[in-house]
Colleague: 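Take this structure, written in structure tokens, and hold onto it; I'll ask about it next.
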2 protein chains.
Amino acid sequence: MQAPTSPVSRRERPTKPPLSKEAVVDVAIALMRAEGLDRVTMRRVAAALDTGPASIYVYVASTVALHAEVLDRVVADLAVPEGGAWQDRVQQLLHAYGALLDTHRGLARSALVVRPTGPAMLGLFDALLGLLLEGGVEPGRGSWCVDLLLLVVTAAAAEHAEPGRDDVDAPGEPGDGLAAVRAGIAASGPDRLPHLAAHADVALSGTPWQRAGWQVQAILAGAARSPLPETEVRP
Amino acid sequence: MQAPTSPVSRRERPTKPPLSKEAVVDVAIALMRAEGLDRVTMRRVAAALDTGPASIYVYVASTVALHAEVLDRVVADLAVPEGGAWQDRVQQLLHAYGALLDTHRGLARSALVVRPTGPAMLGLFDALLGLLLEGGVEPGRGSWCVDLLLLVVTAAAAEHAEPGRDDVDAPGEPGDGLAAVRAGIAASGPDRLPHLAAHADVALSGTPWQRAGWQVQAILAGAARSPLPETEVRP
DNA sequence: ACCTGAACACCGTTCAAGT
DNA sequence: ACCTGAACACCGTTCAAGT
């Protein structure tokens, strides 16, 4: 059921490959689409390029740097929505970003951890900040708000990607976070978890995306009402 | 500069160790305090207990399960604040949780990824939910809000833990996210990142904790004003 | 029945040696 | 000068064999 070792093998490129940062990231993305980002390792990328792992370090500083590069390349495909109210455009852009993370296995988890600084990611940040400014949000608030919005969407995507890792889905197995929580509540009992036990149904309701949608709304609603702390600029 | 292979070696326990889930987690925590959670591996825990890695799998299902167990044990030390307004108590409890994540190297990053379901973590969730209910927040909103609050604090702790991994600190080095962002903005230029370039100072201001503090306030402010979507309970 | 030695199948990263 | 083979120092997990 598993493909042979090199999904991008010399069969696809009979001539010697040119070897460049671009080529490395290309191969990494192909590998990710085929098997998920956590199988995109220095050694596998090197193997797909018919060379040793040391060669990759000429173009990319580390494995996490490679993963960050992949994320940035993928994010570069996002387009800023044009029509409609600024809140709707924020929601559309965040939705598109979430969908992007969702279609590339393992990418969301990585994005949750890396704090990416590539040009495309900064472009996304800038676009969202622009929309908030358009909505009259003050720049300092706006930046922190964008931070938070991206975090929420990324976390939702990572959570949504949780269950079946390779298989279709494994109900009740480890990885089924919802069932684990339900079991945990039952195990502790209503004495130790009075509020959770009383409201378990509503507390565990909704998909990660529904939750994220509400959270985004709540953040936007709250941002306009919360003043910044004193410390605003640091030298 | 590096300690010998087993920080918890047979020198500390000259007699045969009893071997139990408790003992395994104890050793894991000791190892984490000494070297950080990402050095808490099955093999090292096994070595510290003078046995082979296979033995650990009798008590813990996997490495991430072990890390989750460590988190839960550490969180169990949190106490719910008693006096004051509910908002202040929420903030105090979140602050304590953040400080906890902050004092154990590598723990925040792990917490960001695992979605823990241990009794202590559920207890923290329950306590926060209780405080929101006390503040008149509706249970469904409250649960999603607690989710978001914990996410924000965890992400702040993970970000704060970024810079010097082993060394004191390495300014300008990879890992200095702030400098990387600044460099990225400069590299793209004000044409491609108009809003970020215009507001770079204020956008990059504040520590992760200051940012998280504001975000928590904004979330609490927004939660009271955002209605739930239609889907509330699922069977 | 319960535990574990040894093996399998991988990793990231470095550096001395080659072209 | 630039690239990389080979080595170093690890991993998680499994399973057949031991007690």
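Residue numbering restarts at 1 for every chain, and letters A, B, ... go by the order of the sequence lines. None of the values given here were measured: they were computed from a predicted structure.
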Colleague: Quick one: list whatever passes salt bridge (charged side-chain N to carboxylate O under 4.0 Å, His left out) with B:Arg192, sequence neighbours left out.
Modeller: none

Colleague: In whole Å, I'd like the distance from the CD atom of A:Glu35 to the P atom of C:dC10.
Modeller: 10 Å

Colleague: Would you tabulate the nitrogen or oxygen pairs shorter than 3.5 Å linking the protein to nucleotides 13-18 of chain D?
Modeller:
{"from": "D:dT13", "atom 1": "OP2", "to": "B:Tyr57", "atom 2": "OH", "distance (Å)": "2.9"}
{"from": "D:dT13", "atom 1": "OP2", "to": "B:Thr63", "atom 2": "N", "distance (Å)": "3.2"}
{"from": "D:dT13", "atom 1": "OP2", "to": "B:Thr63", "atom 2": "OG1", "distance (Å)": "3.4"}
{"from": "D:dT13", "atom 1": "O5'", "to": "B:Tyr57", "atom 2": "OH", "distance (Å)": "3.3"}

Colleague: Does B:Arg211 have any salt bridge (charged side-chain N to carboxylate O under 4.0 Å, His left out) partners at least two apart in sequence or in another chain, and if so, which?
Modeller: A:Asp147, B:Glu159

Colleague: Only counting residues at least two apart or in another chain, list the ones meeting side chain to side chain donor-acceptor pair (under 3.5 Å) with A:Asp72.
Modeller: none

Colleague: Mind calculating the distance between CD1 (A:Ile56) and P (D:dG5) to the nearest angstrom?
Modeller: 11 Å

Colleague: Nearest whole angstrom, please: distance from the P of D:dC11 to the CZ of A:Arg39.
Modeller: 20 Å

Colleague: Between C1' on D:dC2 and CG on A:Leu19, what's the gap in Å once rounded to a whole number?
Modeller: 11 Å

Colleague: Can you measure from NE2 (A:His104) to CD1 (A:Ile29) and round to the nearest 0.5 angstrom?
Modeller: 8.0 Å

Colleague: Return the set of residues passing side chain to side chain donor-acceptor pair (under 3.5 Å) with A:Thr51 (not counting sequence neighbours), or none when no residue passes.
Modeller: A:Ser55

Colleague: Going by the rule side chain to side chain contact (heavy atoms under 4.5 Å, CB included), which residues pair with B:Tyr97 if we only count those two or more places apart in sequence or in a different chain?
Modeller: B:Val75, B:Leu78, B:Leu101, B:Ala111, B:Met121, B:Leu124, B:Leu150, B:Val153, B:Thr154

Colleague: Taking C:dC8 as the reference, what is the distance to D:dA9 when you measure between their P atoms (whole Å, please)?
Modeller: 22 Å

Colleague: Taking only residues two or more places apart in sequence, or in another chain, which ones meet B:His67 in a side chain to side chain donor-acceptor pair (under 3.5 Å)?
Modeller: none

Colleague: Who are the side chain to side chain donor-acceptor pair (under 3.5 Å) partners of B:Arg73, not counting sequence neighbours?
Modeller: B:Asp26

Colleague: Where does DNA chain C pair, written as one dot-bracket string 5' to 3', with Watson-Crick or G-U pairs under 3.5 Å, ( ) inside the strand, [ ] for crossing pairs and | for another strand?
Modeller: ||.|||||...|||||.||

